[in-house]
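Since the structure comes first, as structure tokens, the remarks are kept for the end.
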Amino acid sequence: MPNALYASTSDVFEATAYLALEDFLHAGIKGLWETFWGPDEAMPFSVACIHSTSSKFYPAEKAINSGKLDGVCATAVLLKNLKHSQGRWDHIVVLALLRPDIGMVSGQGDQEPSPAVLGEALFFALRVLLSRSLSRSSTVLRNSDCVYLLLVDSQFGGVVKVQGDLNKLDFDLNNVYDCAAEWIKKHAKISVSSIDRVWNKLGNANWGDIGTLQVLIALFHSMIQFYGEPKYSLDELATEHTSRLQSRRSERHLVDRQANGNGLFRFQQQSHSPEIVEVQEEAAVDLKPQETLKLEIGSVVLMEDAYSQKGFQINDILTDSDPPIYTSTPVEEPTKTYLLYVGSSPSHLEPAWEDMNSWYQVQRQTKVLTLMKQRGISSRYVPLMVSSGRVVHPGPCNKPNSSGSCGHPWCSTPILVTSPVGETISNLIRNGLFGVEEALRCCHDCLSALAAAASSGIRHGDIRPENVIRVSNGSRHPYFVLIGWGHAILEDRDRPVMNLFFSSTFALQEGKLCAASDAESLIYLLYFCCGGVCPELDSVESALQWRETSWSRRVIQQRLGDVSAVLKAFADYVDSLCGTPYPMDYDIWLKRLRRTINEDHGKEVDTSSS
């Protein structure tokens, strides 16, 4: 949807606005049809514009090309009819009036449409109801007492519902408008919604906002009028959603507190991690997963893969998380340095009791990095898997098979070795080494990694300061690498990690990622790393409330704007895509970031291997 403030001419703006409205209505009815009636049957509705003088129906594009846009008075959702492919008034399901001043009054604090617009809508409603009452179709005839109208401009929208018995209309051919007004005043029941934002300033529909939702509800009830009850009811979908939510809560170790009797979930945040963790009941069985193998600095660990055995000397601990990440040097190649991840020893307990953190960090990250290599993802901003295997412990080993364990605490413990090695953003901030240039390069490099992965349908799902490292290698042009791909989303059934500070809004609400979720997490990372106020978050609800407040008040954009105008613009762009199915345009933002880095700091971004 175009913004009237930036329209080159009024004609261009009006033409684009009608096209956008038509696309919006088509997307709405298509989504509702496939969700509630199922995608198997052909959708029985279409969208077209209405000409004021001829009362003919045209697609918006045809009206524009034929020069008839000036006469277009409304846009309608129509019931398809093979006998009347041109459309008829009695086939109108919903009518939308695009007027330039819908949100002007709303912007002054009055949440109702102006009397002029409302009056026009009421006469349109009466005309639709009259047409339905004269229809030969029984389906149309039984819906001649109720109609929904949508009032929209380029940003705001609302709904008008008109109900009434047309048998009480005293018709006078010589005084039609007075008759209509008398019926409206005495016999019509009129419901008017508030006027709320539907499109943001970048022209994208905010599908989760109240303005858009009330329009969708009007479309939904109108579709039921003409096509009957849907195959799937709201209750069924709500039950299914609750089931999925319950499953996700179980996956995230959220325990139902039955003792409080209100079915609420209690959340607890540990100091070492912002993850949601399980709250143990007093009567719960105290089963602890086997401890992860802890390596000391200077020690050597021997790893066995499919081809050989390799020794790695531990140099340092990159992160003190659980499990830790080590920096190591191959014994046979002392000039090289790698990151080394050590998993948990296989246990005989059920998988649900195993140390899932180390499983994601080692076994699943090994799978993801292997898949990236197979799909040809090559970027200096994505880690490279050097090798993977299992720990070779001292003494004899009599494990029954390659995947079994002999009982030694170290036996079959998985190891993953990756490259390159760097310093986490957490350490950079702690040492006061994360400035404007680092923020711009971090955004560019992480976005490059996300773009490379997204090209093969892979999303990261766990962006946070501990998963971004700055690689120097003695170069005067350090760069950032996005590590920690264990929680990457490879298919629809995968679920991202839940992080109150860095997860996207869509991830917290739905338990899955949208196209812009990783970019949204990157925005939160940059915001906090650039001095943004760290809120006290103790639940998903508080995290969602903080996000809603921060975006609506533009706190995040303003903070990033203090660092760089391009970061502020990028935050606005991500905000417009949050929760939508629209793909990220990585290329344009990578070019803008690259140009800003080169202009502001006189240093070129090396893209030779990105």
Look up atom NE2 in H487 and atom CG in L513, then write down how far apart they are to the nearest 0.5 Å. 12.0 Å
Please confirm whether the backbone N or O of Y527 pairs with a side-chain atom of R559, one donor and one acceptor, at under 3.5 Å? no
Does the side chain of T424 come within less than 4.5 Å of V468's, by heavy atoms? no
Going by atom types alone, do T329 and N315 pair a side-chain donor with an acceptor below 3.5 Å? yes
L32 backbone acceptor or donor facing T35 side chain under 3.5 Å: no
State, with a plain yes or no, whether a side-chain heavy atom of S328 is found less than 4.5 Å away from one of T337. no
Please determine, by modelled atom types, if N467 and D462 share a side-chain donor-acceptor pair under 3.5 angstrom. yes
Partner of I325 under side-chain contact (heavy atoms from CB on, under 4.5 Å), chosen from I469, L339, L340: L339
So, the side chain of S193 versus the backbone of V159: is there a donor-acceptor pair under 3.5 Å, distance only? yes
R375 side chain vs S456 backbone, donor-acceptor pair below 3.5 Å: yes
For F36, check ring pair (Phe, Tyr, Trp, His ring centres under 6.0 Å) against everything at least two apart and list the hits. F220
Is the ring pair Y381/H444 parallel, tilted or perpendicular, if the boundaries are 30 and 60 degrees? perpendicular
Give the intermediate values and the outcome of side-chain contact (heavy atoms from CB on, under 4.5 Å) for residues R547 and Y524. CA-CA 10 Å; R547 283 158 172 75; Y524 297 141; 3.3 Å; yes
W37 and M43: side-chain contact (heavy atoms from CB on, under 4.5 Å), yes or no, with the steps? CA-CA 9 Å; W37 282 268; M43 187 175 68; over 6 Å; no
Just to verify, what does D575 make a salt bridge (charged side-chain N to carboxylate O under 4.0 Å, His left out) with, not counting sequence neighbours? none
With a sphere of 6.0 Å drawn around NZ of K231, does it hold more than 12 non-hydrogen atoms of other residues, nucleotides or ligands? yes
Hey, what do you get for CZ (R430) to CG (N427), rounding to the nearest 0.5 Å? 4.5 Å
Side-chain donor/acceptor of H460 to backbone N/O of G484, under 3.5 Å: yes
Please check if the side chain of Q155 supplies one atom and the backbone of R197 the other of a donor-acceptor pair under 3.5 Å. no
Backbone N/O of R592 and side chain of T596: donor-acceptor pair under 3.5 Å: yes
Mind checking whether Q365 and Y360 have side chains closer than 4.5 Å, heavy atoms only? no
What's the spacing between D196 CG and N206 CG if we round to 0.5 Å? 11.0 Å
With a 4.0 Å cut-off, would you call R554 and D572 a salt bridge? yes
Is it true that E510 and K512 make a salt bridge, defined as a side-chain N closer than 4.0 Å to a carboxylate O? no
Indicate yes or no for a side-chain donor-acceptor contact from D494 to the backbone of L490 under 3.5 Å, with no hydrogens or angles considered. yes
For a side-chain contact (heavy atoms from CB on, under 4.5 Å) check, start with the C-alpha distance between R470 and F434, then their side-chain angles and the critical distance, and finish with the verdict. CA-CA 10 Å; R470 186 182 67 171; F434 195 88; over 6 Å; no
What's the separation between atom OG in S504 and atom CG in D518, rounded to the nearest 0.5 Å? 8.0 Å
Spacing of D538 atom CG and L500 atom CG [to the nearest 0.5 Å]: 8.0 Å
Side chains of I425 and L525: does their closest heavy-atom pair fall under 4.5 Å? yes
Which pairs count as side-chain hydrogen bond (donor to acceptor under 3.5 Å, both in side chains) when at least one residue sits in residues 579-590, sequence neighbours excluded? none
Where the side chain of Q214 meets the backbone of S194, is there a donor-acceptor pair that is under 3.5 Å apart? yes
Intermediate values then yes/no, side-chain contact (heavy atoms from CB on, under 4.5 Å), F506 and E520: CA-CA 10 Å; F506 196 75; E520 184 183 346; 5.6 Å; no
Looking only at heavy atoms, the pair that brings Q557 and A571 closest together is CG-CB, 4.0 Å
E296 CD: over 12 foreign heavy atoms closer than 6.0 Å: no
Testing Q361, R390, M303 one by one against P414 for a side-chain contact (heavy atoms from CB on, under 4.5 Å), which residue passes? R390
What closest approach, in Å, do C514 and G579 show between heavy atoms, and which atom pair accounts for it? SG-N, 3.4 Å
Take the angle between the ring planes of F501 and F528 and call it parallel below 30°, perpendicular above 60°, tilted in between. perpendicular
So with a 6.0 Å cut-off around CG of N431, is the heavy-atom count from everything else above 12? yes
With no hydrogens and no angle check, just 3.5 Å: does a side-chain donor-acceptor pair link S552 and E548? no
Are the ring centres of W199 and F24 closer than 6.0 Å? yes
Under 3.5 Å: donor-acceptor pair, side chain of S455, backbone of A452: yes
Which atoms form the tightest heavy-atom contact between R441 and P478, and what is the distance? CD-O, 4.0 Å
